[in-house]
There are 2 protein chains.
Amino acid sequence: MATSTVENYLKHMLLLSEGGEELVSMGALAEALAVVPGTVTTMVKALADSGHVEHRPRQGVRLTAEGRRVALNVLRKHRLVECFLVNVLKMDWAAVDTEAEQLEHAISDEVLDRLDALLGHPETDPHGDPIPSRQGKLDSQVYATLATCVVEKPLRIVRITDQSAEFLQFVEHNGLLPGESVRVTERNLASGLVTAKKTAGRPLVLSLAAAGKILVQPTR
Amino acid sequence: MATSTVENYLKHMLLLSEGGEELVSMGALAEALAVVPGTVTTMVKALADSGHVEHRPRQGVRLTAEGRRVALNVLRKHRLVECFLVNVLKMDWAAVDTEAEQLEHAISDEVLDRLDALLGHPETDPHGDPIPSRQGKLDSQVYATLATCVVEKPLRIVRITDQSAEFLQFVEHNGLLPGESVRVTERNLASGLVTAKKTAGRPLVLSLAAAGKILVQPTR
DNA sequence: TTAGTTATTTTGATTAGTCAAAATAAACGT
DNA sequence: ACGTTTATTTTGACTAATCAAAATAACTAA
């Protein structure tokens with residue numbers, strides 16, 4: 001059985017490779033896991049021995065089919081737990097990532113299935129992140145962001161890709177939750193500022209960096 | 001923050017001392033934790049250094065006030081999680097102990113409180129084991145068992161003190177769940193057999209050992 | 001007492017995961 | 001092509017938790 005350390009390595013590899021194809025660098029992984037690069041090298045070699053990853057020395061790592069399977073299962077647990085914490089326990093949107101970080105390693109597949117049923121088989125978590133299916137399918141649709149979308153087009157927010165409590169609180173405070181309608185009224189690359197407007201509300205200015213973390217879809 | 005290993009040591013000390021007063025032997029602890037005695041000695045010395053226990057060499061250990069506080073919190077998590085798994089997720093009575101074993105170390109105090117509210121502040125878990133209060137009060141009432149109660153007196157089952165899946169399945173199969181009414185019709189110390197009868201049902205024969213794990217209360 | 005049994009403690013080794021810092025390889029700019 | 005910067009790997013050391021087996025202390029029965 002994979003330890004929670006192993007589960008974390010695999011989960012972050014999945015998240016960093018946007019679907020699991022490209023090589024992930026040791027540095028990026030070290031950064032994501034908050035350990036020094038040397039530790040990652042050591043661990044990745046062990047993971048290669050156990051068949052979870054393929055290690056290309058001095059280039060990077062990639063998940064094997066088995067590693068990807070484990071990673072998707074952990075991610076499914078993480079996101080379903082987030083749904084549970086927000087929808088059933090009514091916890092704060094911004095706090096649940098930290099909680100789920102612990103719980104994702106403690107819940108069994110049995111509990112996972114029942115939780116999924118209880119929640120009505122949701123497709124995304126409260127931040128709009130897609131939940132991998134039981135069979136390991138993960139929606140990999142590429143969305144526009146408030147930093148890349150067409151100006152003045154009516155949009156619907158679908159997902160927030162930064163799970164830090166500060167950013168989520170900012171998003172919540174400004175009513176930019178998934179499901180809300182907005183449009184970008186102005187974008188200035190030089191100043192790095194984006195102005196967005198909700199259907200009923202005053203204009204809201206945010207940085208390109210922040211805007212890039214808010215994924216949107218054209219309203220159909 | 002206490003590791004889950006530390007939490008397990010403290011929890012089992014609490015369970016083995018029936019309330020936290022008497023000394024617990026190294027052997028009993030080793031048995032309960034499924035480690036060799038030498039490991040327990042080492043660990044207990046560390047726990048004494050951190051102020052969680054008082055170690056009397058060659059005699060045993062006892063929880064300090066702080067150790068007891070931590071242990072009660074873990075036990076509260078364990079039992080509330082069991083309630084959740086059975087009452088909300090409708091999981092099998094006999095399987096939830098194993099699940100809760102993992103979850104008790106992963107849920108935060110915040111989640112614990114909300115779970116408690118969601119479940120309506122239950123006083124016992126599905127096996128009848130008392131749930132420590134948030135303030136650390138644990139019902140320590142001493143109950144009779146089917147092995148010690150008065151013969152022919154009408155009783156109500158309040159608690160099952162063996163959490164092994166096999167025993168719980170046996171109990172469930174024979175309708176001896178907490179809340180049920182029974183009486184002992186015969187007890188033979190020589191053969192070591194107890195005969196019990198539910199209000200509507202045929203007589204049921206069980207060993208003294210098994211009968212001693214079923215706690216009862218006179219029906220008032 | 002004295003010998004023998006039993007519980008506990010000590011000692012030395014092992015595994016998983018980590019860090020600091022030195023060594024190495026690759027990439028980059030001129 | 002050459003030195004410099006940057007990423008990665010290696011090396012040696014450390015902590016938490018464990019086991020096997022030897023040493024010690026305590027209890028027990030004659």
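Small disclaimer: the values here were computed from a predicted structure and weren't measured. Throughout, protein chains are lettered first and strands after them, A, B, ... in sequence-line order, and every chain is numbered starting at 1.
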- Task: Mind jotting down which residue pairs meet the side chain to side chain donor-acceptor pair (under 3.5 Å) criterion with at least one end in residues 81-93 of chain B? Sequence neighbours excluded, please.
- Result: His78(B)-Glu82(B), Glu82(B)-His127(B)
- Message: Going by the rule side chain to side chain contact (heavy atoms under 4.5 Å, CB included), which residues pair with Glu166(B) if we only count those two or more places apart in sequence or in a different chain?
- Response: Ser164(B)
Distances under 3.5 Å between nitrogen or oxygen atoms of protein and nucleotides 18-20 of chain C:
unit_1: dT18(C); atom_1: OP2; unit_2: Tyr9(A); atom_2: OH; d: 3.2
unit_1: dC19(C); atom_1: OP2; unit_2: Val36(A); atom_2: N; d: 3.0
unit_1: dC19(C); atom_1: OP2; unit_2: Thr39(A); atom_2: OG1; d: 2.9

- Taking heavy atoms of chain A and a 4.0 Å limit, find me the 5'-most and 3'-most nucleotide of DNA chain D within that range. dA7(D) to dT10(D)
- Query: In terms of side-chain heavy atoms, does Tyr143(B) have a donor or acceptor partner in Gln141(B) at a distance below 3.5 Å?
  - Reply: yes
- Hey, which of Arg76(A), Arg79(A), Lys11(A), Lys77(A) is the one that makes salt bridge (Lys or Arg N to Asp or Glu O under 4.0 Å) with Glu104(A)? Lys11(A)
- Query: Arg159(A): what forms a side chain to side chain donor-acceptor pair (under 3.5 Å) with it, not counting sequence neighbours?
  - Reply: Asp129(A)
Side-chain polar contacts of residues 34-44 of chain B - donor-acceptor pairs under 3.5 angstrom, sequence neighbours left out - could you list them?
unit_1: Thr41(B); atom_1: OG1; unit_2: Pro37(B); atom_2: O; d: 3.4
unit_1: Thr42(B); atom_1: OG1; unit_2: Gly38(B); atom_2: O; d: 2.9

- Query: Is the closest basic N to carboxylate O distance between Arg68(A) and Glu66(A) below 4.0 Å?
  - Reply: no
